[in-house]
Amino acid sequence: MLVRPKGTKDMLPEEAYKWQYIERVAKETAAAYAFKEIRTPVFEYTELFSRGVGDTSDIVNKEMYTFLDKGNRSITLRPEGTAGVARAFLENGLAGGAMPFKAYYLISAFRYERPQAGRLREFHQFGAELYGAEGAYADAEVISLADAFLKNLGLKKVALKINSIGCKTCRAKYHEALKNYFAPHLNVMCADCKVRFEKNPMRILDCKEEGCKRFTSNAPKMLDYLCDDCKDHFETVKSLLTASKVEYEIDPAIVRGLDYYSRTVFEFVTSAAGAQGTVLGGGRYDTLLSDIGGKDVPAVGFAAGMERLLMVMEAENAPFENEKTADCYLLGMDEGSREKAFALAGELRKAGVSAETDLMTRSVKAQFKYADKAGARFVAVLGEAELNEGAAEVKDMKNSSSEKVKFEELAQYLLSRR
Ligand code: ATP
Ligand code: MG
């Protein structure tokens, strides 16, 4: 038997409503903040990610799905959403439009990682991007959108952790301090951290190896090295969050795994059992657009992992709302009424009722059994008598009561009872 590739998942019809619910809440929350959807290609030229995400990041070093296409071009399945949006923004000349640019995306992303709970090779993200605004209001807007999204999902056990990793100027001093601190421990740290030490010592703080993590709590903190501008920026972000009742903790260990960040970085972390820690991460990346060859456009955004959100929602017993439909199974007792049932189903669907009818020439008993299994709320029974009367016998499957309803009033009847 053929099986799915390692690290991928099937989303089956039975659980699709959970995904649809999370996506619906994402779209509604984004709309409330006036973010519009953007869709970009699943694959891009590899260079976009090596330049955009950065070649000291785990993603670019170890996790990318890269291949040569038939034209010998190096192609990569997107490992994240931000670089593609930035490319599309520049390529389509959107920098000349109204600022700030505000967009959200719902995408699949691909990373060659060791599969485990909440860590897949194909996974899904909801993300948002805000370009063109360099002030702290933009950071606070994006964090507030992320916070509203998680609250709208009904999540209670997620905490917002924020930090500032400064700008290119003040981080240079910090890198020196980190190197001085880690140098004596380097010989017992992992191979990756030895490379990080040379290329980007701050990334050591994001290492997931226990042997390295034990050194990070006493490491120098970026917050002590911020220049005055970065300090002001961070103070304003904090006071805007407080003013808009977004609770946060300051966590100097949050540095994010991607190279493009500067100043504000944040993560929403769950304390619910059985779920992977970080469900949503983001920050400011003022150099990304110039790194990929565009002009200097300040940017801030986040991405949330859908699979992890799903796990957290299940762990917290948060409700997944089904869309409100009035489900009706139309049951034809004989050949003539089967045809009427088929036609009537079409009428109901046009009116916004979810309707089903027999497609397998089943007996009356077998049709009832199917309607019950399918979870239909109502069954409208049609036989010779009903056709003559122009009315169906509508059975409410919840309480077994039934009522005669005229064909032309059936849609209204069902809609008023959903
Ligand atoms: P981690 O530190 O857990 O590897 P990350 O820093 O690599 O996460 P980001 O690049 O910030 O993650 O991606 C944003 C979100 O996407 C994460 O917070 C997480 O919820 C989700 N995510 C990242 N990688 C995976 C994956 N392999 N499988 C499922 N979800 C993922
Ligand atoms: Mg990762």
Side-chain angles (χ1 to χ4, degrees), residues 5-9 11 19 22 26 49 52-54 56-65 76-86 104-129 142-143 145-147 149-150 153 155 158-163 165 192-193 196 200 202-210 212-213 216 251 253-261 264-270 272 274-285 288 299-315:
K6 197 173 165 187
T8 63
K9 248 188 175 165
M11 191 250 290
W19 282 85
I22 298 178
F49 303 112
V53 179
T56 72
S57 66
D58 280 357
I59 293 182
V60 171
N61 278 325
K62 301 191 277 195
E63 300 172 357
M64 292 208 302
Y65 274 90
T76 295
L77 301 184
R78 65 177 165 219
E80 52 93 65
T82 292
V85 174
Y104 76 89
Y105 55 81
L106 282 159
I107 60 166
S108 52
F110 307 85
R111 296 185 193 175
Y112 196 81
E113 298 203 68
R114 198 167 61 76
Q116 50 189 289
R119 200 175 285 285
L120 292 147
R121 291 182 173 172
E122 181 191 22
F123 64 102
H124 297 79
Q125 288 187 331
F126 163 56
E129 307 286 343
V142 162
I143 296 173
L145 164 57
D147 181 70
F149 167 58
L150 299 174
L153 284 177
L155 295 176
V158 278
L160 165 61
K161 302 189 170 188
I162 61 171
N163 188 23
I165 57 170
D192 285 342
C193 279
R196 292 176 183 128
N200 192 344
M202 198 173 64
R203 193 102 311 133
I204 296 175
L205 303 179
D206 202 35
C207 184
K208 299 195 172 58
E209 299 287 331
E210 288 305 324
C212 303
K213 269 161 79 172
T216 56
D251 184 345
I254 304 280
V255 294
R256 313 284 306 125
L258 282 56
D259 278 1
Y260 51 49
Y261 288 103
T264 315
V265 287
F266 59 93
E267 289 184 1
F268 284 83
V269 181
T270 177
Q276 273 272 356
T278 304
V279 293
L280 184 154
R284 175 168 282 283
Y285 24 89
L288 171 68
V300 51
F302 70 78
M306 302 279 283
E307 285 81 0
R308 291 194 198 172
L309 280 173
L310 195 77
M311 290 171 73
V312 180
M313 290 196 60
E314 282 168 351

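Start at 1 and go down the list; that is how both ligands and their atoms are numbered.
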Between [X] and ligand 1, is there a nitrogen or oxygen pair with a distance under 3.5 Å?
X: Glu307; result: no
X: Gly305; result: yes
X: Val279; result: yes
X: Leu120; result: yes

_What I'd like to find out is whether the side chain of Glu307 reaches to under 4.5 Å of the side chain of Trp19, using heavy atoms alone._
yes
Just going by heavy-atom distances, which of [options] is nearest to [atom]?
atom: atom 18 (O) of ligand 1; options: Val312, Asp58, Val265, Thr278; answer: Thr278
atom: atom 13 (O) of ligand 1; options: Gln125, Glu122, Glu63, Lys9; answer: Gln125
atom: atom 4 (O) of ligand 1; options: Arg119, Arg308, Met306; answer: Arg119

Measuring from atom [atom1] of [X] to atom [atom2] of [Y], what distance do you get when rounded to the nearest 0.5 angstrom?
X: Asp192; Y: Glu209; atom1: CG; atom2: CD; result: 7.5 Å
X: Glu267; Y: Arg256; atom1: CD; atom2: CZ; result: 4.5 Å
X: Glu63; Y: Thr76; atom1: CD; atom2: OG1; result: 12.5 Å

*Sequence neighbours left out, what passes side-chain contact (heavy atoms from CB on, under 4.5 Å) with Lys9? Give chain and number order.*
Leu120
Heavy-atom pairs closer than 4.0 Å: do any link ligand 1 to the side chain of [X], the backbone, both, or neither?
X: Arg121; answer: neither
X: Lys208; answer: side chain
X: Arg111; answer: side chain
X: Glu80; answer: neither

*State if Arg256 counts as touching ligand 1 under the rule of any non-hydrogen atom under 4.0 Å.*
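Contact present.
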*asked:* Between Thr264 and Val300, is the side chain to side chain contact (heavy atoms under 4.5 Å, CB included) condition met? List the steps.
replied: CA-CA 9 Å; Thr264 315; Val300 51; 5.9 Å; no
_Applying ring-ring contact (aromatic ring centres under 6.0 Å, His included), can you list everything that pairs with Tyr261, at least two apart in sequence or on another chain?_
Tyr285
_Does atom OH (Tyr65) have a neighbourhood of more than 12 heavy atoms from anything else shown, all under 6.0 Å?_
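Correct, the count exceeds 12.
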